[in-house]
Q: 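This is the structure I want to talk about, given as structure tokens.
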2 protein chains.
Amino acid sequence: MAGRNLVGPEADALDLGAVFRALADEHRRSVMTELAADRSDSERGCNSFDLPISKQTQTHHFRVLREAGLIDEIDYGNRKGIRLRRTDIEKRFPGLLALLGEEPPGDTAPR
Amino acid sequence: MAGRNLVGPEADALDLGAVFRALADEHRRSVMTELAADRSDSERGCNSFDLPISKQTQTHHFRVLREAGLIDEIDYGNRKGIRLRRTDIEKRFPGLLALLGEEPPGDTAPR
DNA sequence: CTTCAGGTACGATGCAAGTCGTACCTGAAG
DNA sequence: CTTCAGGTACGACTTGCATCGTACCTGAAG
């Protein structure tokens with residue numbers, strides 16, 4: 001469990017309702033789709049997704065994703081890292097991340 | 001495409017966002033979990049789920065599921081039949097229905 | 001030290017959605 | 001015909017949530 005100082009639920013405690021609610025939002029789903037597409041699972045800066053929303057709203061969305069157990073947030077003080085919890089997700093909900101790839105890219109426009 | 005007089009989107013037009021939004025609600029997810037568990041895919045009456053909500057709200061939820069492309073609603077005039085669109089769902093989002101079985105039964109309490 | 005960019009906390013706002021009350025429709029059974 | 005259960009339509013209410021404004025914190029660079 002290295003590099004996870006802003007913690008979400010454990011792998012066994014992932015709630016399907018929270019996951020679906022998290023993925024119901026277009027912006028959060030676009031983030032997850034990008035993360036799922038990168039098989040290297042490298043840590044990313046949270047402004048590397050260029051979401052068309054304010055900083056405060058981005059903070060809110062990343063918090064929702066973390067509390068759903070989908071990502072880790074690594075706090076560096078004045079910046080933050082994002083990493084997909086691929087193994088935990090695949091363990092609890094196998095095939096979920098593959099579904100995100102089924103969505104045609106470019107459909108991530110707000111509403 | 002027999003027995004589908006209240007139609008939702010075609011199989012190719014299923015929207016992942018609409019699906020996740022539909023499955024984000026506990027009541028709708030409990031319906032889908034029951035339907036997914038029955039491999040015979042027999043048609044069911046829409047009061048066979050004993051949801052702890054009023055008739056009007058049930059109508060609303062079944063409409064959302066239909067418009068998301070997850071179920072068919074067969075109108076008999078004074079009653080209604082519900083059938084899971086398993087093949088369409090599996091074609092567009094393979095593995096999605098299996099995820100619903102990952103949820104422990106009895107977690108379908110409201111809120 | 002000051003400055004500045006990245007990020008968070010708190011509150012307010014606006015809109016979407018879940019819920020139900022009332023009224024109405026439909027078809028089957030008396 | 002009347003009665004009744006199942007279902008819908010419309011509207012109202014309430015909650016949840018996405019969004020942003022303001023203020024504040026953190027760490028790095030001058």
Side-chain angles (χ1 to χ4, degrees), chain A residues 3-8 15-33 43-68 70-83 107-111, chain B residues 3-8 15-32 43-83 107-111:
Chain A
R4 181 138 78 98
N5 45 16
L6 286 178
V7 291
D15 176 55
L16 191 56
V19 169
F20 280 143
R21 273 191 297 275
L23 295 177
D25 182 85
E26 306 280 338
H27 296 138
R28 290 195 292 262
R29 198 166 62 256
S30 75
V31 169
M32 289 299 297
T33 302
E43 183 177 320
R44 297 186 52 168
C46 53
N47 49 1
S48 67
F49 299 94
D50 59 67
L51 299 169
I53 49 180
S54 67
K55 293 189 303 178
Q56 310 93 292
T57 306
Q58 293 191 32
T59 297
H60 164 67
H61 284 314
F62 286 121
R63 170 197 287 263
V64 172
L65 289 176
R66 172 173 54 86
E67 290 179 345
L70 296 175
I71 64 170
D72 282 331
E73 294 184 283
I74 300 95
D75 183 24
Y76 293 111
N78 64 343
R79 67 193 179 106
K80 199 172 53 176
I82 301 293
R83 188 184 297 127
D107 275 10
T108 56
R111 268 154 247 271
Chain B
R4 182 136 77 97
N5 46 16
L6 287 177
V7 291
D15 176 54
L16 190 57
V19 169
F20 280 143
R21 273 190 296 274
L23 295 176
D25 182 84
E26 307 279 340
H27 295 138
R28 290 195 293 262
R29 198 165 62 256
S30 74
V31 169
M32 290 299 298
E43 183 178 320
R44 296 186 52 168
C46 53
N47 49 2
S48 67
F49 300 94
D50 61 68
L51 300 170
I53 50 181
S54 66
K55 294 189 304 179
Q56 311 92 295
T57 306
Q58 292 189 32
T59 298
H60 164 68
H61 284 313
F62 285 121
R63 172 198 286 263
V64 173
L65 288 176
R66 172 173 55 86
E67 290 180 346
L70 296 175
I71 64 171
D72 282 331
E73 293 184 285
I74 300 95
D75 184 24
Y76 293 112
N78 64 344
R79 65 191 180 106
K80 201 172 53 176
I82 301 293
R83 189 185 296 125
D107 274 12
T108 55
R111 294 152 230 257

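Only a predicted model underlies this, so the values are computations on that prediction, with no experimental measurement involved. In what follows, chains carry the letters A, B, and so on, assigned in the order in which the sequence lines appear, proteins first and then strands, with residues in each chain numbered from 1.
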Q: Counting N and O atoms only, with roles assigned by atom type, does the side chain of A:E26 sit under 3.5 Å from a partner on the main chain of B:G17, one being a donor and the other an acceptor?
A: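 Here the side-chain-to-backbone pair does not exist.
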
Q: Compare all side-chain heavy atoms of A:K80 with those of A:I74 and state whether any distance is below 4.5 angstrom.
A: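 No. Closest side-chain heavy atoms not under 4.5 Å.
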
Q: Scan for salt bridge (charged side-chain N to carboxylate O under 4.0 Å, His left out) pairs involving residues 44-61 of chain B, sequence neighbours excluded, and state none if there are none.
A: B:E34-B:R44

Q: For B:D75, which contact category applies under a 4.0 Å heavy-atom criterion: base, sugar-phosphate, or nothing?
A: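 Nothing, no nucleic acid heavy atom in range.
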
Q: Please determine, for the side chain of A:N78, which listed nucleotide (C:dG18, D:dC20, D:dA28) has the closest atom?
A: D:dA28

Q: Could you tell me the separation between the NE2 atom of B:H61 and the P atom of D:dG7, rounded to a whole number of Å?
A: 15 Å

Q: Whole-Å distance between C:dA16 C1' and A:R21 CZ?
A: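 Taking atom C1' of C:dA16 as the reference, CZ of A:R21 is at 16 Å.
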
Q: Do A:M32 and A:L65 have side chains that approach each other closer than 4.5 Å (heavy atoms only, starting at C-beta)?
A: yes

Q: So do A:I71 and A:R83 actually touch side chain to side chain, heavy atoms under 4.5 Å?
A: no

Q: Do B:D72 and B:V7 make a side-chain contact, defined as non-hydrogen atoms from C-beta onward lying under 4.5 Å apart?
A: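 No; the side chains remain at least 4.5 Å from each other.
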
Q: Please tell me which of B:G77 and A:V64 maps to the more 5' nucleotide of DNA chain D, matching each residue to the nucleotide holding its nearest heavy atom.
A: B:G77

Q: Whole Å only: how far is the CD1 atom of B:I74 from the P atom of D:dG7?
A: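 Distance check: B:I74 CD1 to D:dG7 P gives 12 Å.
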
Q: Whole angstroms only, please: what is the CG-C1' distance between B:L51 and D:dG6?
A: 15 Å

Q: Taking only side-chain nitrogens and oxygens of B:T57, does any of them come within less than 4.0 Å of OP1 or OP2 of C:dT19?
A: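 No.
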
Q: To the nearest angstrom, how far is A:R79 atom CZ from D:dC25 atom C1'?
A: 17 Å

Q: At a cut-off of 3.5 Å, list every protein nitrogen or oxygen paired with a nitrogen or oxygen from nucleotides 8-10 of chain C, distance to 0.1 Å.
A:
unit_1, atom_1, unit_2, atom_2, d
C:dT8, OP1, A:K80, NZ, 2.7
C:dT8, OP2, A:T59, OG1, 2.5
C:dT8, OP2, A:K80, NZ, 3.2
C:dA9, OP2, A:R63, NH2, 3.0

Q: Kindly say if A:R28 contacts the phosphate of D:dA18, meaning a side-chain N or O under 4.0 Å from OP1 or OP2.
A: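 Looking at the OP1 and OP2 atoms of D:dA18, one of them is under 4.0 Å from a side-chain N or O of A:R28.
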
Q: Whole angstrom is fine here: how far is it from OH in A:Y76 over to P in C:dA5?
A: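 Checked: the OH to P distance equals 22 Å.
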
Q: Using Watson-Crick and G-U wobble pairs with both distances under 3.5 Å, what is the 5'-to-3' dot-bracket string of DNA chain D, with [ ] for crossing pairs and | for pairs outside the strand?
A: ||||||||||||||||||||||||||||||

Q: I would like to know whether A:S30 and A:T33 meet side chain to side chain donor-acceptor pair (under 3.5 Å); could you show each step before the answer?
A: CA-CA 5 Å; A:S30 75; A:T33 302; over 6 Å; no

Q: Take the protein atom CZ of A:R44 and the nucleotide atom P of C:dG6, then report the distance between them rounded to whole Å.
A: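 Rounding to the nearest Å, CZ of A:R44 and P of C:dG6 are 16 Å apart.
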
Q: Considering the options B:R21, B:R29, B:R28, which one meets the side chain to side chain contact (heavy atoms under 4.5 Å, CB included) requirement together with B:D25?
A: B:R28

Q: Rounding to an integer number of Å, can you tell me how far B:D25 CG sits from D:dG16 P?
A: 13 Å

Q: Mind checking whether A:D15 and A:V19 have side chains closer than 4.5 Å, heavy atoms only?
A: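 Counting from C-beta outward, A:D15 and A:V19 never come under 4.5 Å.
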
